[in-house]
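Data first, discussion second: the structure below is written as structure tokens.
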Amino acid sequence: PKTTVAMSENASFVDPVYLNQFGLSRTNVLNYFLHPLNPFKTKEKTSNDILLMQGVDIFQLAARSGRPHAAEEEYSQALRRLTGEQYELV
């Protein structure tokens, strides 16, 4: 079964101003939540971890395309092809 942990832009922890206070942005917030020392990260390997092992993350996709929203969509499509727990921007 596929489990998705979604972060909405309306939630305080992904508000751009709030993220900026901690040096985070929509491009690198997933890396923050996926960091092994994050106490809130699931102990199981997530689909995001699998994509990262394949060299796919939003930051690299955005740098390559120059279009952050296109990078987010490409990352979402890659996540949809995998099953398991996922962290994604909604």
Side-chain angles (χ1 to χ4, degrees):
K2 181 177 180 177
T3 304
T4 301
V5 178
M7 295 179 285
S8 166
E9 280 199 33
N10 296 331
S12 63
F13 60 86
V14 293
D15 173 55
V17 175
Y18 180 81
L19 290 176
N20 193 37
Q21 292 175 351
F22 300 98
L24 298 171
S25 67
R26 282 186 62 86
T27 354
N28 65 8
V29 70
L30 284 178
N31 291 339
Y32 170 79
F33 281 100
L34 292 170
H35 193 280
L37 296 178
N38 179 356
F40 304 107
K41 182 185 182 302
T42 180
K43 302 299 180 213
E44 303 298 319
K45 187 174 294 277
T46 65
S47 297
N48 306 79
D49 295 324
I50 293 167
L51 288 178
L52 193 57
M53 286 188 295
Q54 296 172 355
V56 177
D57 70 20
I58 291 178
F59 187 74
Q60 292 174 352
L61 293 173
R64 186 176 65 211
S65 73
R67 299 182 357 240
H69 291 293
E72 288 179 20
E73 182 57 35
E74 187 176 343
Y75 189 78
S76 278
Q77 288 174 4
L79 277 177
R80 280 192 281 264
R81 291 190 290 268
L82 299 173
T83 59
E85 282 192 289
Q86 303 177 353
Y87 291 84
E88 64 182 309
L89 297 170
V90 177

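Atom CZ of Arg67 is separated from atom CD of Glu73 by 11.0 Å, given to the nearest 0.5 angstrom. Between Ile50 atom CD1 and Arg81 atom CZ the span is 13.0 Å, to the nearest 0.5 Å. For the atom pair CG (Leu51) and CD (Gln60), the distance works out to 11.0 Å, reported to the nearest 0.5 Å. Rounding to the nearest 0.5 angstrom, the gap separating the OG atom in Ser65 from the CD1 atom in Ile58 is 11.0 Å.
Shown here is Gln21, whose CD atom has more than 12 heavy atoms of other residues, nucleotides or ligands within 6.0 Å.
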Test side chain to side chain contact (heavy atoms under 4.5 Å, CB included) applied to Leu34 and Leu52, step by step: CA-CA 10 Å; Leu34 292 170; Leu52 193 57; 5.7 Å; no

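Not one N or O on the side chain of Glu85 forms a donor-acceptor pair closer than 3.5 Å with the backbone of Thr42. For the pair Ser47 (side chain) and Thr83 (backbone), a donor-acceptor distance under 3.5 Å is present.
Here the closest heavy-atom approach between residue Tyr87 and residue Thr46 is recorded as CE1-CG2, 3.8 Å. Contact between Leu61 and Arg64 at its shortest, heavy atoms only, is CD2-NH2, 2.9 Å.
Between Asn48 and Lys41 the shortest side-chain heavy-atom distance does not fall below 4.5 Å. Within the 4.5 Å cutoff, no side-chain heavy atoms of Tyr32 are placed close to those of Leu19.
For Phe59, the side chain to side chain contact (heavy atoms under 4.5 Å, CB included) partners at least two apart in sequence or on another chain are Thr27, Asp57.
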